[in-house]
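Everything below concerns the one structure shown next.
First the proteins, then the strands, lettered A, B, ... as listed; each starts at 1.
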Protein chains: 2
Amino acid sequence: MNTKPASVRSKLDFYRLARDEGVHLENCPVREVIANIGGKWNSLLMLALAEQPYRFGALRRLVPDISQRMLTQTLRDLQRDGYVHRAVFPTKPPSVEYSLTELGRSMFDPLQALVKWAEQHHDAVRAARARFDRDES
Amino acid sequence: MNTKPASVRSKLDFYRLARDEGVHLENCPVREVIANIGGKWNSLLMLALAEQPYRFGALRRLVPDISQRMLTQTLRDLQRDGYVHRAVFPTKPPSVEYSLTELGRSMFDPLQALVKWAEQHHDAVRAARARFDRDES
DNA sequence: GATAGCTGGTCTAGAAAAGAGACCAGCGCT
DNA sequence: AGCGCTGGTCTCTTTTCTAGACCAGCTATC
């Protein structure tokens, strides 16, 4: 470790190569998609709804630390992007059931891969976190 | 569509089944991990660093719409969780290079699957979004 | 027949997070 | 001398999130 990277050669290069990374990650459509997946509650709700359809109140009990407002909003975002279907039933009081669409299910597969990774490595992450917090103090 | 779900049978059931979802998604270690992946910039920086190591300023130019403050913070979060290694080189001025760790690379694989999904389906998402925005107005 | 509880929400106020931009020290190039 | 580059930090403003009250219409209970 601590070997100087080959890209940094002279002091001249040092200033020069800064300008030449032409990759444009901004304006990328992937970002819009990831942004929505990446919200605080979105992936969690996807996980829940992948298991089975749920009604609003059931979701609220399932994820107790979500505020009602954020649940409404996150569900609407998910619905807006076509991941989730919202069905209103004329019971009394009317009930609303949320379920994954085909698109939602298809994006759940890669999401689940990530979740699986998280399950397998969360102890490594926790260890790294503990080490970092210890060393910086 | 609009068929009443089998789970809602009588008005009595209606009130009863609400209590019986015993799944506990809160306190889940997966959530900590996902939370960090899910940050606004985290996945984007992971993507960039997976391509090659970058120095601070290079990352800033690569992702122009990130504020310097958030770049610092996101990199520190990523480093804290063990995804990213921060190496300081005694050049003048000193340069700092960020690179993925082994752990970071291993989590990049499932992340990339998600990105690939996003690339393939972003037009469907955009279409759904447009439809939603039209219908609600 | 009042009371409390359920339904799926909205509204408001306060807290937390993110963004914009100035500022820092030490050096190189012109 | 003056500007630019290095990787940051500090402060201020704006956006986002949360907690909690509130709503209408119905039901089961007392």
Side-chain N or O of Arg76(B) closer than 4.0 Å to phosphate OP1/OP2 of dT9(D): yes
Take the protein atom CZ of Arg61(A) and the nucleotide atom P of dG5(C), then report the distance between them rounded to whole Å. 15 Å
Atom-pair distance (CG on Asp65(A); C1' on dT18(D)), nearest Å: 11 Å
Interatomic distance, Met70(A) CE vs dA19(D) C1' [rounded to whole Å]: 13 Å
Closer to the 5' end of DNA chain D via nearest nucleotide, is it Trp41(A) or Gln68(A)? Trp41(A)
Specify the separation, in whole Å, of atom CZ of Arg60(A) and atom C1' of dT10(C). 13 Å
Are the side chain of Thr74(A) and the backbone of Leu71(A) linked by a donor-acceptor contact shorter than 3.5 Å? no
Pairs counted only when both distances fall under 3.5 Å, Watson-Crick or G-U: show me the 5' to 3' dot-bracket for DNA chain D, [ ] for pseudoknotted crossings and | for other-strand partners. |||||.|||||||||||||||||.||||||
If I take atom CD1 in residue Ile66(A) and atom P in nucleotide dT18(D), what distance separates them, rounded to the nearest angstrom? 7 Å
From CZ of Phe56(A) across to P of dG8(C) the rounded distance in Å is 7 Å
If you measure from the Lys or Arg side-chain nitrogens to the Asp or Glu carboxylate oxygens, is any gap between Glu119(A) and Lys116(A) under 4.0 Å? no
Check whether Thr101(B) reaches the backbone of Tyr83(B) with its side chain - one donor and one acceptor, N or O, closer than 3.5 Å. yes
Nearest heavy-atom approach of His121(B) to Leu103(A) is CD2-CD1, 3.9 Å
Looking at Leu45(B), Leu49(B), Asn42(B), which one forms a side chain to side chain contact (heavy atoms under 4.5 Å, CB included) with Val84(B)? Leu49(B)
Taking Trp117(A) for its side chain and Ser106(B) for its backbone only, find out whether a donor-acceptor pair lies under 3.5 Å. yes
What nucleic acid atoms does Gln73(B) come within less than 4.0 Å of, heavy atoms only: base, sugar-phosphate, or nothing? sugar-phosphate
Can you check the Arg55(A) CZ to dG8(C) C1' distance for me, whole Å? 10 Å
Output, in order, the C-alpha distance, side-chain angles, deciding distance and verdict of side chain to side chain contact (heavy atoms under 4.5 Å, CB included) for Leu78(A) and Met46(A). CA-CA 9 Å; Leu78(A) 253 29; Met46(A) 286 294 294; 4.2 Å; yes
Give Arg69(A) one of three labels, base, sugar-phosphate or nothing, depending on what nucleic acid heavy atoms sit under 4.0 Å from its own. base
N or O in side chain of Lys40(B) less than 4.0 angstrom from dT16(D) OP1/OP2: no
Between Phe89(A) (CZ) and dC6(C) (P), how many Å, whole number? 21 Å
